[in-house]
Every structure is written in structure tokens, then in C-alpha cells.
Amino acid sequence: MNKKIKTEAVDSLFDAVLCLQTREECYSFFEDLCTVNELLSLSQRFEVASMLKKHKTYLEIAEKTGASTATISRVNRSLNYGNDGYDMVFGRMEDHT
């Protein structure tokens with residue numbers, strides 16, 4: 001875990017996110033919290049990660065998501081050398097389908 005982001009304010013934000021119970025609650029909260037572009041950027045990165053996990057090429061990912069190769073590379077680096085957060089979430093999402 002990156003110690004630079006572990007603050008009381010970030011803990012408080014994550015506690016708030018953990019209180020959300022439905023997709024509609026997520027929409028309400030995140031639309032208030034984020035700009036449209038911030039939310040679209042987050043969702044784009046998540047889609048890129050999902051496509052990388054399915055072994056899609058950078059070209060396929062860029063065409064479908066509109067993500068730059070720099071963004072795709074950054075997400076790929078997180079998948080390969082990060083904190084395994086994407087893998088944890090993808091595993092849990094598979095368990096719920």
C-alpha cells in the first residue's frame with residue numbers, strides 16, 4: 001500500500017464508499033464527488049484493466065475505450081506490479097455472477 005495516500009481523509013472516503021449499498025447510491029455519491037470527466041476516466045481505466053486481463057491488444061483496447069497507449073501502459077503496470085487490487089475486484093465480481 002502506498003503510504004502517501006493513507007491518510008485520515010482517504011480512510012474517511014473509503015468508509016463512505018463502503019456504506020454504499022446499490023448501484024443507484026453509487027451514481028448519486030460519485031456524481032456529487034467527481035466531475036463527469038473524473039468518473040469517465042476511472043471507468044475507462046477499469047474497462048482497460050478488464051480488457052488487459054482478457055489478453056486484448058493495446059490496439060483493440062484503444063479502439064474500444066478511446067484510452068491512450070500511455071493510459072493502457074499505466075493500467076498494465078498496475079496489473080503486473082501493483083497491489084493486486086484489480087485482481088481482487090475481478091475475482092469477487094466473478095464470484096457474484
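Both backbone and side-chain heavy atoms feed into the values below; hydrogens, waters and symmetry mates do not. Here the structure is a predicted model, which means the values were calculated and not measured.
By the 6.0 Å contact criterion, OH on Tyr27 is open, its count of non-hydrogen atoms from other residues, nucleotides or ligands being 12 or less.
Note that the OG atom of Ser68 and the OH atom of Tyr58 stand 10.5 Å from one another [nearest 0.5 Å]. Going from atom CZ of Phe29 over to atom OG1 of Thr22 covers 13.0 Å, rounded to the nearest 0.5 Å. The line from CD1 of Ile61 to CD of Gln44 is 11.0 Å long, rounded to the nearest 0.5 Å. Summarising the geometry, atom CG belonging to Leu79 is positioned 6.5 Å from atom NZ belonging to Lys53; distances are rounded to the nearest 0.5 Å. Atom CZ of Phe30 is separated from atom CZ of Arg23 by 13.0 Å, given to the nearest 0.5 angstrom.
Placement of Val17 and Met88 in two distinct hydrophobic clusters is found when ILVMFWY residues are connected by side-chain heavy-atom separations under 4.5 Å, directly or transitively. When hydrophobic clusters are built by joining Ile, Leu, Val, Met, Phe, Trp and Tyr residues whose side-chain heavy atoms come closer than 4.5 Å, directly or via intermediates, Leu42 is not grouped with Val36. When the side chains of ILVMFWY residues are joined at heavy-atom separations under 4.5 Å, either directly or via intervening members, Val89 and Leu20 end up in two distinct hydrophobic clusters. Both Met51 and Met93 belong to a common hydrophobic cluster when Ile, Leu, Val, Met, Phe, Trp and Tyr are linked at side-chain heavy-atom distances under 4.5 angstrom. Cluster membership for Leu40 and Leu33, using ILVMFWY side-chain heavy atoms within less than 4.5 angstrom, is not shared.
Side-chain contact between Val75 and Phe46 is absent, with no heavy-atom pair separated by less than 4.5 Å. Side-chain contact between Leu52 and Tyr86 is absent, with no heavy-atom pair separated by less than 4.5 Å. Taking 4.5 Å as the limit, every side-chain heavy atom of Glu60 sits out of range of all side-chain heavy atoms of Glu63.
Between the side chain of Glu38 and the backbone N or O of Thr35, at least one donor-acceptor pair lies under 3.5 Å. With hydrogens and angles ignored, the 3.5 Å screen pairs no side-chain donor or acceptor of Thr71 with any backbone N or O of Ala67. For the pair Glu25 (side chain) and Gln21 (backbone), a donor-acceptor distance under 3.5 Å is present. When atom types are taken as modelled, the side chain of Ser12 and the backbone of Glu8 share no donor-acceptor pair closer than 3.5 angstrom. Formation of a donor-acceptor pair under 3.5 Å by the Asn76 side chain with backbone atoms of Ile72 is not found in this model.
For the residue pair Ser50 and Glu47, no side-chain donor N or O sits within less than 3.5 Å of a side-chain acceptor on the partner.
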